[in-house]
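Right, one structure below, let's go through it.
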Amino acid sequence: QVQLVESGGGLVQAGGSLRLSCAASGRTFSRDAMGWFRQAPGKEREFVAAITWSVGSTYYTDSVKGRFTISRDNAKNTVYLQMNSLKPEDTAVYYCAAALGYGLGYVPSFQYEYRYWGQGTQVTVSS
């Protein structure tokens, strides 16, 4: 059984930084991808960033490019989301998710491509 546990959320002022972590267990993720999604109050859940475990290919939504960085530590089965220059509009619950079978160049960004989801961690950016 795959388990994803997020941590690192909190309250930060605009312009600040946070690093989210997602610890994955239950399988070897060598041919899979991990993604971060977020859901702001009253809005649909949206894609933020994703990375493939094997070659480390990444993909970001336009609104976070240049500010957020996704990375992985294969030895720890952990994926990180470094968030810099945070804005109030980044306020949301951030979810980690696992997409199985995406190991090469293509990086999944659609929710239906992700099979397992974490419980989420709250990120609040004050102005």
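Taking the six-membered ring where tryptophan is involved, the planes of Y102 and Y106 are tilted, since the angle between them lies from 30° to 60°.
The two residues M34 and C96 make their nearest non-hydrogen contact at CE-SG, 3.6 Å. Closest heavy-atom contact between R72 and S54: NH2-O, 3.1 Å. Contact between S85 and S17 at its shortest, heavy atoms only, is N-OG, 4.4 Å. Here the closest non-hydrogen pair linking Y114 and A33 is CE2-O, 4.3 Å. Scanning both residues, A92 and A40, for their nearest heavy atoms gives CB-N, 3.7 Å. Taking every heavy atom of both residues into account, A14 and S127 meet most closely at CB-CA, 4.4 Å.
The line from CZ of R67 to CG of D90 is 4.0 Å long, rounded to the nearest 0.5 Å. Rounded to the nearest 0.5 Å, atoms CE (M83) and OG1 (T69) are 11.0 Å apart. Here CZ of R38 is found 8.5 Å from CD of E89. Values are rounded to the nearest 0.5 Å. Taking CD of E6 as the start and OG of S21 as the end, the distance is 10.5 Å to the nearest 0.5 Å. A distance of 12.0 Å separates OH in Y95 from CH2 in W36, rounded to the nearest 0.5 Å. Separating the OH atom in Y80 from the CD1 atom in I51 is a distance of 11.5 Å, to the nearest 0.5 Å.
Between F37 and W117, the distance separating the two ring centers is shorter than 6.0 angstrom.
Side-chain N or O atoms of T52 include one that pairs as donor or acceptor with a backbone N or O of S57 at under 3.5 Å.
Heavy-atom contacts from other residues, nucleotides or ligands closer than 6.0 Å to CD of Q3 number 12 or fewer. No more than 12 heavy atoms of other residues, nucleotides or ligands sit less than 6.0 Å from atom CD of Q119. Heavy-atom contacts from other residues, nucleotides or ligands closer than 6.0 Å to NZ of K65 number more than 12. Surrounding CZ of R27 are more than 12 heavy atoms belonging to other residues, nucleotides or ligands, all under 6.0 Å away. Other residues, nucleotides and ligands contribute more than 12 heavy atoms inside 6.0 Å of the OH atom of Y116.
Under the 4.5 Å side-chain heavy-atom criterion for ILVMFWY residues, no single connected hydrophobic cluster contains both I70 and F47. Hydrophobic clustering (ILVMFWY, side-chain heavy atoms < 4.5 Å, transitive): L20 and L4 are in one cluster.
The side-chain heavy atoms of T121 and V93, taken from C-beta on, include no pair separated by under 4.5 Å. L100 has its side chain out of reach of R31: every pair of non-hydrogen atoms, C-beta onward, lies at least 4.5 Å apart. At least one side-chain heavy atom of Y94 sits under 4.5 Å from a side-chain heavy atom of L81. Considering only heavy atoms from C-beta on, T61 stays 4.5 Å or farther from F68 through its side chain. Counting heavy atoms from C-beta on, the side chains of L18 and V123 come closer than 4.5 Å.
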query: Would T78 and D73 satisfy side-chain hydrogen bond (donor to acceptor under 3.5 Å, both in side chains), going step by step from the backbone distance to the final call?
result: CA-CA 5 Å; T78 300; D73 184 329; over 6 Å; no

